[in-house]
Amino acid sequence: MRCIERGPTLLGRARGAPYAWGHSPVPTGRDGGAGCPRWGRSLKLVPRGFSVNHSSSGSGASADEALAPAVGGAVAEGPFPLSTLRHSVSHLMASAVAKLWPEAKFGFGPSIEHGFYYDLDLPVALDESDLKRIEKEMRRIAKASPELTCTEMPRDEARARLEALGQTYKVEAVDLIPEGETITFYSHGDWFDLCEGPHVDRLDRPFAFKLQSLAGAYWRGDEKRPMLQRIYGTAFWSEEDLERHLAWLEEVKTRDHRRLGTELDLFSVHAEAGAGFVFWHPRLGIVRHEIEDFWWREHINRGYQPVYSPHVSREQLFAVSGHLENYGEMMYAAMDLDDMPYRVKPMNCPGHSLIYKTRGRSYRELPLRWAELGTVYRYEKSGVVHGMLRVRGFTQDDAHIFCTPEQLPDEIAGVLDLIHHVLTTFGFQYTAYLATRPAEKSIGEADIWERATKALADGAAKVGMDLQLDEGGGAFYGPKIDFKVRDALGREWQNSTVQCDFNLPQRFDLEYTDSSGNRVRPIMVHRAVLGSLERFVGGLIEHFGGRFPFWLAPEQVAVIPIREEHGEYARSVTKALRAEQFRVRCMDEPSHMNKRIKAAQHDRVPFLTIVGAKEAEDGTVAIRPRGERGQRTMSLQEFAELARGLRSSRSLDLPNWAEPAP
RNA sequence: GCUGCUGUAGCUCAGUGGUAGAGCACUUCCUUGGUAAGGAAGAGGUCGCGGGUUCAAGUCCCGCCAGCAGCUCCA
């Protein structure tokens with residue numbers, strides 16, 4: 001739509017549940033035929049916890065290159081690319097399934113980012129225990145019939161053979177292969193599969209694999225077609241690599257924001273309230289407050305002005321904006337008040353447009369930069385809501401800039417600088433993509449597109465930002481720059497965006513008077529830095545693994561008196577720090593000290609201070625930063641100074657006083 | 001929305017037809033402890049909700065709600 005959308009929608013074609021959105025391989029039909037797709041450039045969810053890369057046929061190492069640094073080890077080179085191994089293992093798996101269920105029909109079975117899958121049509125629903133059986137059969141087949149052979153076959157014969165086998169999906173796959181391409185089959189033992197290859201030569205080479213999960217998947221990704229059963233698995237050239245990969249998945253699980261949300265008392269969702277609605281608990285409320293505070297300071301410093309618009313408006317407003325027509329199915333149903341339909345807003349831009357229109361505007365007052373943390377509601381299908389990362393109600397950090405075409409490059413530069421500043425403050429690395437005019441439908445004159453696209457590029461050049469090109473990836477209403485951030489685990493996801501809009505000013509008939517007295521349309525820039533507070537903070541929880549930096553931490557210091565008699569000193573320390581607006585937890589309850597230490601550590605409090613007789617006498621605190629970072633005793637004033645520094649600099653690190661390793 | 005799975009104490013889970021269990025958390029008492037869980041006792045559950053089968057349902061069946069893994073859609 002013409003306004004900012006969060007996350008995956010920003011990329012138009014992107015999708016995802018968890019958090020990894022980005023470019024990843026998907027089969028594009030032929031170029032490969034059954035089981036051997038060539039990877040197309042398409043946006044697709046990759047399994048949770050994985051980074052996403054462009055991948056092309058035969059370059060399967062890319063995924064592991066991304067993974068390796070994060071898990072501290074390289075992935076073993078095999079005699080063939082890892083993607084080839086995985087592709088062959090998917091065939092091996094299919095052959096095992098065929099043995100166990102002779103009536104099975106097969107769909108596609110490619111290697112993917114971190115493994116492989118195969119889509120199957122079976123008379124029975126598989127469960128986890130079947131995976132073990134299949135693995136066992138795979139091992140048997142690999143031993144019994146290790147040799148792979150490749151056979152070329154004329155189209156008619158290929159078709160006939162597959163029909164004879166009752167492999168209806170494969171027959172369809174043959175028909176997807178363009179005329180003139182060679183049709184090949186790969187086989188080992190009884191297995192005989194339409195496939196482009198390449199494959200490993202033998203299945204008795206040393207490698208390690210694991211079948212991981214089951215899921216439903218529509219044949220050829222089309223919900224009007226039958227749903228097949230998909231088995232996901234992965235394979236490596238060594239046990240160690242497989243183990244490391246599985247350990248990595250475990251690490252990802254411990255960082256899952258939903259799990260940490262419960263464990264750290266951060267947020268909840270409720271059946272009573274409905275799916276996709278997030279309840280922020282006090283401990284996360286303060287985190288959000290700090291983020292919003294930071295956000296507003298940055299915006300006001302950069303000439304943005306706060307505006308506020310209502311959550312509900314007459315439906316007519318969204319008819320004018322075009323949302324009803326183009327975005328209607330994402331909107332909550334109308335409610336009737338005084339026989340008039342009203343809607344909950346899915347975006348903030350119509351409201352801001354109304355404010356613009358309240359009086360005549362002069363070029364002298366442009367650019368106008370209006371910011372709102374606007375809460376919007378959008379209907380998401382029940383199967384896709386996910387923790388804080390994909391919800392039905394969220395707060396967008398929205399702003400609209402109304403400017404002249406001449407001002408556009410500077411405005412873009414300003415936004416990019418702001419985005420850079422905010423993202424790096426949270427410790428994210430990012431990649432920026434310039435999305436140009438889509439090939440199909442789009443509005444606006446060619447020269448306006450050209451100018452706006454150039455303005456985006458010039459703005460980036462002005463602040464020294466590199467842009468990747470996303471050809472044809474723009475919105476129908478204008479070009480944009482999207483940002484993908486890379487989190488602490490190397491996973492990519494997307495929140496920030498800058499979008500030029502030629503459509504909404506026209507729909508709302510927005511104008512200003514230029515220096516010659518002519519009425520002209522302003523250009524409207526939609527932009528989001530955080531995207532959605534919900535998604536951003538959900539991602540932040542995972543990025544930090546619940547270990548928020550000092551300035552954000554729900555509790556910044558835990559004060560633990562050794563004995564009850566030291567409670568008074570602990571309370572005076574607490575009081576002194578709270579007087580400086582630090583968030584301090586005074587753990588003076590009469591339970592065992594070690595228990596309180598454990599509790600504070602569980603909650604990932606950045607600083608732990610134990611106070612006893614010594615400290616009370618000297619007016620000091622024994623400070624231990626979170627993690628294995630040693631300990632120091634210092635005066636309360638010294639510590640306050642240190643804490644003030646960490647807070648004002650929004651430091652991502654805590655001091656490290658640990659003895660260097662010998 | 002679709003496919004499959006799941007829903008038992010605040011949390012993590014055990015309990016596959018005979019009127020509910022563990023660990024942690026919580027409360028109380030004891031312990032006065034110098035850096036990663038001291039001890040004991042207690043309290044806490046209409047087994048997601050609604051129907052059905054049965055002498056009897058946490059357990060079997062149906063529907064709904066929510067969650068999980070994916071798929072699909074998302075201007």
Side-chain angles (χ1 to χ4, degrees), chain A residues 1-18 43-48 117 119 124-128 130 212-232 256 258-259 262-263 265 268-276 322-323 325-330 346-347 378-387 390 438 440-443 474-478 480 499 501 503 558 560-567 590-602 608-615 622-624 628 630-631 633:
Chain A
M1 201 47 238
R2 55 201 50 77
C3 295
I4 289 165
E5 280 120 55
R6 76 210 150 97
T9 315
L10 286 164
L11 280 176
R13 309 160 300 298
R15 175 282 144 167
L43 287 161
K44 185 176 185 287
L45 174 71
V46 296
R48 276 192 28 232
Y117 67 79
D119 287 342
V124 294
L126 297 175
D127 64 34
E128 297 288 321
D130 293 317
Q212 294 167 293
S213 61
L214 292 159
Y218 296 111
W219 167 237
R220 295 174 62 193
D222 181 348
E223 66 182 317
K224 289 181 194 70
R225 297 179 200 264
M227 179 161 275
L228 309 180
Q229 300 189 65
R230 174 173 294 181
I231 302 178
Y232 282 98
D256 189 308
R258 296 164 300 179
R259 175 177 165 156
T262 301
E263 199 179 319
D265 191 15
S268 52
V269 290
H270 301 267
E272 295 93 320
H323 288 102
E325 183 190 344
N326 297 298
Y327 204 72
E329 70 224 25
M330 293 290 287
M347 293 183 190
R378 299 176 187 177
Y379 172 74
E380 295 280 359
K381 284 181 180 175
S382 61
V384 304
V385 295
H386 179 96
R390 195 166 175 91
E440 328 82 59
K441 58 171 188 178
S442 61
I443 67 145
F476 83 92
Y477 50 82
K480 58 182 182 169
Q499 309 183 353
D501 183 356
N503 181 49
I560 300 182
I562 291 170
R563 286 192 224 143
E564 224 166 326
E565 67 199 69
H566 309 128
S591 73
H592 200 271
M593 188 181 74
N594 284 347
K595 209 165 183 174
R596 285 174 282 154
I597 291 168
K598 183 70 186 174
Q601 289 175 338
H602 171 270
L608 200 60
T609 172
I610 309 273
V611 296
K614 254 188 311 183
E615 287 79 10
I623 296 290
R624 181 174 283 211
E628 303 291 322
Q631 175 183 319
T633 300

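Here is the naming used below: chain letters follow the sequence lines, and residue numbers restart at 1 for every chain.
Out of B:C65, B:C73, B:A36, the shortest distance to the side chain of A:Ala271 is found at B:C65.
Between B:G10 and B:G45, the distance separating the two P atoms is 8 Å to the nearest Å. The gap from the P atom of B:G7 to that of B:G58 amounts to 15 Å, rounded to the nearest Å. Taking atom C1' on both B:A14 and B:U6, the two are 16 Å apart, rounded to the nearest angstrom.
A donor-acceptor contact under 3.5 Å is not formed by the side chain of A:Lys595 with the base of B:A37. Side-chain atoms of A:Arg390 come within donor-acceptor range of the base of B:C74, with a qualifying N/O pair under 3.5 Å. Evaluation of atom-type donor-acceptor distances gives a pair under 3.5 Å for the side chain of A:Tyr218 against the base of B:G1.
Residue A:Arg258 has no polar side-chain atom (N or O) positioned under 4.0 Å from OP1 or OP2 of B:G67. An OP1 or OP2 oxygen of B:G67 is reached within less than 4.0 angstrom by no side-chain nitrogen or oxygen of A:His386. Phosphate contact (OP1/OP2 of B:C73, side-chain N/O of A:Tyr327, threshold under 4.0 Å): absent.
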Return the polar atom pairs (N/O with N/O) between nucleotides 27-34 of chain B and the protein under 3.5 Å, or none.
| unit_1 | atom_1 | unit_2 | atom_2 | d |
| --- | --- | --- | --- | --- |
| B:U31 | O4 | A:Pro590 | O | 3.4 |
| B:U32 | O4 | A:Glu564 | OE1 | 2.9 |
| B:G33 | N7 | A:Ile562 | O | 2.9 |
| B:G33 | O6 | A:Ile562 | O | 3.1 |
| B:G33 | O6 | A:Arg563 | N | 3.4 |
| B:G33 | O6 | A:Glu564 | N | 2.9 |
| B:G34 | O6 | A:Ala613 | N | 3.3 |
| B:G34 | O6 | A:Lys614 | N | 3.4 |
| B:G34 | N1 | A:Glu615 | OE1 | 2.8 |
| B:G34 | N1 | A:Glu615 | OE2 | 3.4 |
| B:G34 | N2 | A:Glu615 | OE1 | 3.4 |
| B:G34 | N2 | A:Glu615 | OE2 | 2.6 |

Just the table, please: protein N/O against nucleotides 3-14 of chain B N/O, every pair under 3.5 Å.
| unit_1 | atom_1 | unit_2 | atom_2 | d |
| --- | --- | --- | --- | --- |
| B:U3 | O2 | A:Gly216 | N | 3.3 |

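To the nearest angstrom, P of B:C68 lies 14 Å from CZ of A:Arg259.
Nucleotide B:C64 has B:G48 as its partner under the Watson-Crick or G-U criteria, with both atom distances under 3.5 Å.
Just one of A:Arg225, A:Arg230, A:Arg220 meets the salt bridge (charged side-chain N to carboxylate O under 4.0 Å, His left out) condition when paired with A:Asp119; it is A:Arg230.
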(request) Could you walk me through whether A:Glu615 and A:Thr609 pass side chain to side chain contact (heavy atoms under 4.5 Å, CB included), step by step? (result) CA-CA 10 Å; A:Glu615 287 79 10; A:Thr609 172; over 6 Å; no

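For A:His602, there are no ring pair (Phe, Tyr, Trp, His ring centres under 6.0 Å) partners at least two apart in sequence or on another chain.
A salt bridge is absent between A:Arg259 and A:Asp256; no separation between the charged side-chain nitrogens and carboxylate oxygens falls under 4.0 Å.
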